[in-house]
Amino acid sequence: MNGIEYQLITRADELPALLELFSHASAVGLDSETTGLDPHTSKIRLLQFSFPGRNILLDVFELPSDSLKPVFSFLENPALTKVAHNAKFDAKFLRSNFGVHLNGIFDTYLSSVLVGAGSEIDRHSLEASVQRLLSISMNKEAQLSDWSGHLDKYQLEYAAHDSEVLLPLRDALAEKLNEMDLNVIAELEHECLPSIIDMEFRGVYLDQQRWTDRISIVRRECDAVSLSLKEELGRASSQMSLFDSGISVNLDSPHQVRDALLRLGIDVDSTSEWHLTRMAGDHPIVARLLTYRSLSKSLSSFGEGLLEFVNPSTKRIHADFRQIGTPTGRITCSSPSLQQIPHGIEYRSCFRAPEGRRLVVADFSQIEMRILAELSNDDALLKAFRLREDLHRSTAAQMYGIPLTHVTPHLREKAKGLNYGLVYGMGAEGLAARLGITVEEAGALIDRYFAAYPGVDRWLRRAADLAIDEGRARTASGRLWVFNLDPLNREEHGQLRRVGKNAPIQGTGSDIFKRAMTITSNRLKGSDAFIVNSIHDEIVVECDQATADETAKIVNQSMIDAGSEFLFRVPIEVDVSVTDCWE
DNA sequence: TAGAATCGCCAC
DNA sequence: AAACGTGGCGATTCTA
């Protein structure tokens, strides 16, 4: 890395040289060094721009803000491609520090993930991607150095090198994307990126007081249950002497709980929820153990920890959304995971609209089953959606050859289990366990199901066969997942067939959802409304009270339009509600 | 003793 | 044991 050439700009009169380079370039490598990781409380120190053979570093601390205006207009201009690795990071800082909206992004991180095609081995840090695609070793030691004071030559060379590699990396990735037929999905991801940046930047509002109040109620309940359980489980046996102090049992340890139950004569195969639930009817203590589990889960995962994510500057929660979080393309969320807040009103009602604002909550109705209908072209399934029937009721009617009105709640429940389970590649054993019936009965149900939906049967078989034959699957937009499973291995063979059925469905769901994010975000631009959360098939938008109905219409239509880009034989339905809180 | 592995459970 | 797919994450337990 030694001997990297760079030009450090610290004076406004040096900027025209950079602008000259901008005006003749079609693409520029972009990177930034910041004083911290939080865009709302940290500052950009250095902005690095790389052109072929030229690395320019801007010392933002030295340059007057006004002088940077022409630079920013290039950053906002989509005609100039900005090549960045995980552009989300730099974009949020440009937004918070200068109000600049980065446009025209080529993200080498997202591209590297797409090219990786779901490989668990490939890492996608700049260092790893550059090593893999350009065979260049990078030294990232300076990354965590102090960027707020005097910058030494070592830091500046590091900064220059970080942006210098971006254009060659882009070229290598663009070639790979092309070779692997990933151009369509790459465009979809890049178009979606600004909506993710905006969502993270805006954050979501949490009513902290309400959250705290709920926690203290749960804590009291949990302590009471815990105390009685420990006392009871601590007994060495039913004939324990009064003077025995008992055994201390850690209720959070599955191992200790299992031993304690055994001492009381309750033999459980496993302490998992599923097994315990089966025994809860016979043993009140098992039922209370389940109550404890639920309360303690609530406190540990959804307790005070969440409050630490409230940003001191914005007073909102800015979670980390990984745009390509799974090989199927789903977005995942962490720090905190806003995608796994429990459904209960007591949790979600804490995520609400601030004073004078409203939330628009919109989710795709049965999107994965609609995708299955489209892909399989199954007449009966298509018909159910076209007639806007209740899917599970319709499935039950099809299976038993009875009118819709004759479907009992029990039959509907069975049909629902099949509809949900089969897109995940479920077999007779799994269905039997889920519905509490024998494997034979489950097998008969599955036969009935596939007799009602022969097209679905054919499609699922073909999808599984394809996964075995080719070892890969693609979504509607061409997103690729190369499976790391051996079809000759007995266990992995089954897994391969299941994932082969599910991946195109779940993945096409992701494609549709990302288009929905993109279109929604674009149509809300310039209004008072913005996306604050996204959960696989649900978009949560915050807006002014006065415009809530209009916003709801826009979100609804955007999602329908997105779905209609992919599904032609089946209508898209979106459930939209305007509320004060996320429920 | 820090990090990895595992269990268990939340979401879709 | 596991038995339907994709994740994140907290607590415990294992391991270098």
Side-chain angles (χ1 to χ4, degrees), chain A residues 118 120 249-258 269-277 289-290 292-306 309 319-344 347-348 363-369 371-372 417-435 437-439 442-443 446 460 463-464 467 473 475 479 481 483 485 490-491 494-510 512-513 533-539 582:
Chain A
E120 296 127 25
V249 179
N250 182 344
L251 299 177
D252 297 320
S253 161
H255 189 81
Q256 292 184 32
V257 166
R258 190 169 186 274
D269 297 333
S270 137
T271 59
S272 70
E273 189 188 24
W274 188 78
H275 280 100
L276 292 186
T277 307
L289 187 61
L290 284 167
Y292 168 78
R293 285 258 180 95
S294 154
L295 294 171
S296 101
K297 169 75 182 175
S298 170
L299 283 174
S300 65
S301 297
F302 311 106
E304 272 164 356
L306 193 76
F309 289 106
D320 181 22
F321 289 89
R322 276 177 66 201
Q323 187 172 331
I324 309 176
T326 79
T328 58
R330 275 190 176 181
I331 299 165
T332 59
C333 181
S334 59
S335 309
S337 174
L338 298 176
Q339 293 178 329
Q340 51 188 110
I341 302 295
H343 258 127
Y347 302 90
R348 296 208 172 184
D363 66 287
F364 281 112
S365 161
Q366 308 276 15
I367 192 67
E368 293 197 344
M369 287 305 294
I371 292 166
L372 178 60
L418 281 158
N419 277 326
Y420 280 126
L422 290 172
V423 294
Y424 295 144
M426 185 171 59
E429 293 87 353
L431 182 67
R434 193 183 183 86
L435 294 179
I437 57 179
T438 67
V439 176
I446 291 175
L460 286 173
T475 68
R479 183 189 308 280
W481 183 0
F483 304 123
L485 291 166
R490 211 184 135 74
E491 222 169 86
Q495 215 179 328
L496 198 47
R497 289 190 72 83
R498 287 195 294 277
V499 83
K501 295 172 188 174
N502 180 250
I505 299 172
Q506 188 182 116
T508 299
S510 305
I512 293 174
F513 185 74
N533 199 2
S534 82
I535 316 100
H536 308 312
D537 64 356
E538 175 180 335
I539 296 177
W582 182 31

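Order of the sequence lines sets the chain letters (A, B, ...), proteins ahead of strands, with each chain counted from 1. Because the structure is predicted, anything quoted here is derived from the model rather than measured. All values below were derived from every heavy atom in this structure, side-chain atoms included, with hydrogens, water molecules and symmetry-related copies excluded.
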Side chain of [X], backbone of [Y]: donor and acceptor closer than 3.5 Å?
X	Y	answer
A:Ser294	A:Leu290	no
A:Glu429	A:Val439	no
A:Gln506	A:Arg330	no
A:Thr328	A:Gly507	no

Atom-pair distance ([atom1] on [X]; [atom2] on [N]), nearest Å:
X	N	atom1	atom2	answer
A:Arg258	C:dT12	CZ	C1'	16 Å
A:His255	C:dA11	NE2	C1'	15 Å
A:Ile446	C:dA3	CD1	P	15 Å
A:Ile535	C:dG7	CD1	P	18 Å
A:Arg479	C:dT6	CZ	C1'	13 Å
A:Ile324	C:dG7	CD1	P	13 Å
A:Phe309	C:dG8	CZ	P	14 Å
A:Gln506	C:dG7	CD	P	8 Å

What contact category does [X] fall into here, base, sugar-phosphate, or nothing, at under 4.0 angstrom with non-hydrogen atoms?
X	value
A:Arg330	base
A:Arg497	nothing
A:Ser335	sugar-phosphate
A:Gly421	base
A:Ile341	sugar-phosphate

#### Entry: Check: A:Ser296 and A:Asp252 side chains under 4.5 Å, non-hydrogen atoms
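They are in contact (side-chain heavy atoms under 4.5 Å apart), so the answer is yes.
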
- request: Check whether any side-chain heavy atom of A:Asn533 lies under 4.5 Å from a side-chain heavy atom of A:Phe321, and answer yes or no.
  value: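 Counting from C-beta outward, A:Asn533 and A:Phe321 do come under 4.5 Å.
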
[X] side-chain N/O to [N] phosphate OP1/OP2 under 4.0 Å:
X	N	result
A:Gln256	C:dT13	yes
A:Asn502	C:dT6	no
A:Thr332	C:dG8	yes

Worksheet item: Are A:Ile535 and A:Leu338 close enough, and set up right, to give a side chain to side chain contact (heavy atoms under 4.5 Å, CB included), and what steps lead you there?
Response: CA-CA 8 Å; A:Ile535 316 100; A:Leu338 298 176; over 6 Å; no

Q) Mapping A:Glu429 and A:Trp481 onto DNA chain C by nearest heavy atom, which one lands closer to the 5' end? A)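 It is A:Glu429 whose nearest nucleotide is closer to the 5' end.
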
task = Kindly point out which of C:dG5, C:dT12, C:dC9 is positioned nearest to the side chain of A:Asn250?
result =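 Among C:dG5, C:dT12, C:dC9, the one nearest the side chain of A:Asn250 is C:dT12.
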
Open item on the list: side chain to side chain contact (heavy atoms under 4.5 Å, CB included), that's the test. Do A:Phe513 and A:Ile367 meet it? Break it down for me.
Closed with: CA-CA 10 Å; A:Phe513 185 74; A:Ile367 192 67; over 6 Å; no

Range on DNA chain B touched by chain A, heavy atoms, distance below 4.0 Å |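 Both ends considered, the range comes out as B:dC7 to B:dC12.
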
- Message: Say we look at B:dA5 and C:dA3: how far apart would their C1' atoms be, to the nearest angstrom?
- Response: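 That atom pair is separated by 22 Å.
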
